[in-house]
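Notes follow the structure.
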2 protein chains.
Amino acid sequence: MVTIKQVSEKAGVSSATVSRVINNTGTVKEKTRELVMTAMAELGYRHNVVAASLASNKTHTIGYVVPELHGSFFGAMMGGTEQALRQAKKHMLIATGHSDAQIEKEQIDALLSRRCDALILHVEAVSDEYLVSLVHQGVELVVVNRFIGEIGDNCISLDNVKGGYLASRHLLDIGHTKIAYIAGSLFKADGKNRLTGHQQALADMGVEYTDKLTYEGNFQAKSGTEGIRALVARGAKFTAVACANDEMASGAMIALRELGRRVPEDVSVIGFDNVDFASYLSPGLTTIDYPVQKIGSMAAHWVLERVYGHTRHEYQHILSPRLILRGTTSSPE
Amino acid sequence: MVTIKQVSEKAGVSSATVSRVINNTGTVKEKTRELVMTAMAELGYRHNVVAASLASNKTHTIGYVVPELHGSFFGAMMGGTEQALRQAKKHMLIATGHSDAQIEKEQIDALLSRRCDALILHVEAVSDEYLVSLVHQGVELVVVNRFIGEIGDNCISLDNVKGGYLASRHLLDIGHTKIAYIAGSLFKADGKNRLTGHQQALADMGVEYTDKLTYEGNFQAKSGTEGIRALVARGAKFTAVACANDEMASGAMIALRELGRRVPEDVSVIGFDNVDFASYLSPGLTTIDYPVQKIGSMAAHWVLERVYGHTRHEYQHILSPRLILRGTTSSPE
DNA sequence: ATAAAAAATGAAGGCGCTTACAATTAGGGT
DNA sequence: ACCCTAATTGTAAGCGCCTTCATTTTTTAT
């Protein structure tokens, strides 16, 4: 292992100088810089970031906790973050929380032990208080897709209520009144908020909300299929169904097709998230765009600006969803 | 920042002993262990993994390079890896190579500078020689989804030729002879190999291969759509189309539908990868299963066994694809 | 009880780099 | 040529932990 020391000897300078040229800090004469550079090249020197981190107390590493790695949602989000961080030469240490408070805490702990300069957290099981206490402890963190008033500055989220509203409002606007709703897990904030938006839209348009038309799924495609079956089994009548995410919408479409109901002629379907495959379905899925990649990059910008002091990195705390019209919704007969 | 030293003083032992209880190495009496534990708890001690890494020359971190983060493919793969690594308390430092040799090298370099204990690489632009030289330099790495004979032990890949063969063979078996092929980027090994498999299947069944029926896409959905249009525009006649991945298959289905050709009645479609949304399409996409998550976990096992000396972690070097029958293929009229 | 073996602990020297601070050199003005 | 300031470099003390080796304590065997 070639060290800075060996380089310094070969170049005939002190190790401090070598460190300066590596980090481009302090001042060093052009001539000695070259001396050092060639010495490094000849020796095949490789900077030891671990040692540097210990000495400087900066790891240039951001810890990232997401519930899962599979699926296209988190990849898109992390992609947004990565793109922004790569230019700043920061790296991401990734961990999964599996929507389990215990695991989430362990992972956060592990990332902190690894001395990440900041954390980006998409955690769903851990309590608000826990996150608030971390912030009060001085941990630099951004919470994504979750809003906690007390640490609002550390949150970057989508207005899920508005998204839910937009979806159902669209169905109402084109004439539907009997609208079924397949909710996401209601113990998760976004699942709950999207449902709230749905209810507000109904209220705004003077349509009464009833539990009979809603089914609580778990954000997985299969639960969309089950949702439709359950609704039909309980005799619910509807001409449209709003789903809390695209996976469930796709599951719902499968069930509807099985039942011989055409989409959108017999029943309209609207999803939520606008994941990449939404446009591959046929008809293309009308949905609510969740600017997930943007959320990822906002989180990166937050970190760059707040933790590393880079300027010119703007970010917003609350992003807005918008309606994406494709082929699964139409006016009722 | 509470250090091991402070803990040792509070517990009335030496720092060496504290280190022993933290790492569970050496021997330490139960009583003193408890002493140390309570001291750590009272002081709110947090182990500094960076310092530990420097001293022990082990980071317990695996560097991971993938082309992109978005899409469902790499998330699934990394998910497989993560699951296996989490139990071993290893972490993943993730970087993207963007299929660009320059970037791929930089990222590998950065991960090495961070002293990752091992690398898992899904790189597509860098040369075989480069990877071989890394291995010869003593870098512990697994190459996934790519086979390089000279370092076959370090590779974990899918038999893409066989997959391509299986797909086209299926179409041939159910009676198709006019089979169009929408290839992936041919400068990528898997794109090329899948096409080779297609050609072998044709040859085996005595059907002549012709360039006229193949179109080179780029693995993106849009190029599937364009592929169909191009094929039709050039007057190609076919009753089935095999695609080098599911995204393109989905794009192809969209184009076929536009042209008024029913799937599978008028033309059969088969994809490759079996990504998660393949079953959401309608009809469900017949495809070749790419055990991507398994590849991810194999890579983890390789690392666990070879780098960390954990036993009982079996792994294979070449995984086999298999046919997944769903609704997009049927015999021609 | 006592010697020998085993278990438990402590002392101290790094791991490779950063970073005040001190020391040296170079540049400018008169 | 000489003094002052600014630009360069070197010195050395850590950063917090691991780990070998020596030392002390405990256990086992006789």
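Here is the naming used below: chain letters follow the sequence lines, and residue numbers restart at 1 for every chain.
One atom, NE2 of His60(B), and another, P of dC17(D), lie 14 Å apart when rounded to the nearest Å. The nearest whole Å value for the distance from the CD atom in Gln6(A) to the C1' atom in dC17(C) is 14 Å. Between the P atom of dG14(D) and the CG atom of Asn48(B) lies a distance of 18 Å, rounded to the nearest Å. Distance, Lys31(A) NZ to dT25(C) P: 16 Å, rounded to whole Å. Distance CE (Met1(B)) to P (dG14(D)): 19 Å, rounded to an integer number of Å. Nucleotide dG10(C) holds its P atom 12 Å from the CD atom of Glu9(B), rounded to whole Å. In this entry the distance linking CZ of Arg115(A) with C1' of dC17(D) reads 11 Å, nearest Å. Going from atom CG of Leu54(A) over to atom C1' of dC17(D) covers 8 Å, rounded to whole Å.
Between Arg114(B) and Thr61(A), the side chains place a donor N or O and an acceptor N or O closer than 3.5 Å (distance only, hydrogens not considered).
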Identify each donor-acceptor pair in which a side-chain atom of residues 133-144 of chain B lies under 3.5 Å from a protein atom, sequence neighbours left out, and give them as a table.
unit_1	atom_1	unit_2	atom_2	d
Ser133(B)	OG	Tyr130(B)	O	2.8

Which pairs of donor and acceptor atoms, one on a side chain in residues 290-300 of chain B, lie under 3.5 Å apart (sequence neighbours left out)?
unit_1	atom_1	unit_2	atom_2	d
Tyr290(B)	OH	Asn145(B)	OD1	2.5
Ser297(B)	OG	Lys294(B)	O	3.0

Atom pairs and distances, donor-acceptor, side-chain atoms in residues 66-73 of chain B, under 3.5 Å, two or more places apart:
unit_1	atom_1	unit_2	atom_2	d
Glu68(B)	OE1	His98(B)	ND1	3.3
Glu68(B)	OE2	His98(B)	ND1	3.2
Ser72(B)	OG	Asp276(B)	OD1	3.4

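Note on Asn57(B): nothing from the nucleic acid sits closer than 4.0 angstrom, heavy atoms only. Across all strands shown, Val50(A) has no heavy atoms under 4.0 Å from either base or sugar-phosphate atoms.
In this structure a side-chain-to-backbone donor-acceptor pair under 3.5 Å is present from Thr3(B) to Lys5(B). Judged purely by atom type and a 3.5 angstrom limit, Glu104(A) uses its side chain to pair as donor or acceptor with the backbone of Ala125(A). Asp100(A) places a side-chain N or O within donor-acceptor distance of the main-chain N or O of Gln102(A), the cut-off being under 3.5 Å. Side chain of Thr17(B) to main chain of Val13(B): no donor-acceptor pair is present (N/O by atom type, distance under 3.5 Å, no hydrogens or angles). Between the Asp117(B) side chain and the Thr59(B) main chain, a donor and an acceptor come within less than 3.5 Å of each other.
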If a protein heavy atom is under 4.0 Å from the base, mark B; if only from the sugar-phosphate, S; if neither, -; do that for nucleotides 24-29 of chain D going 5' to 3'. ------

Return the polar atom pairs (N/O with N/O) between nucleotides 18-20 of chain C and the protein under 3.5 Å, or none.
unit_1	atom_1	unit_2	atom_2	d
dT18(C)	OP1	Asn23(A)	OD1	3.2
dT18(C)	OP1	Asn23(A)	ND2	2.8
dT18(C)	OP2	Ser19(A)	OG	2.6
dT18(C)	OP2	Asn23(A)	ND2	3.3

Between protein and nucleic acid, restricted to nucleotides 5-7 of chain C and to nitrogen or oxygen atoms under 3.5 Å apart, what atom pairs and distances do you find?
none

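Closest contact between the side chain of Ser14(B) and the listed nucleotides dG10(D), dA11(C), dG16(C) involves dA11(C). Listed candidates were dT9(D), dC17(D), dT9(C). Nearest to the side chain of Val28(A) is dT9(D).
Using a cut-off of 4.0 Å between Lys/Arg side-chain N and Asp/Glu carboxylate O, Arg33(A) and Glu30(A) are scored as salt-bridged. Ion pairing between a basic and an acidic side chain is recognised when a charged N comes within 4.0 Å of a carboxylate O; Arg146(A) and Asp190(A) show no such pairing.
Geometrically, Lys90(A) engages Tyr308(A) in a cation-pi contact, judged by NZ or CZ lying under 6.0 Å from the ring centre and within 45° of the ring axis.
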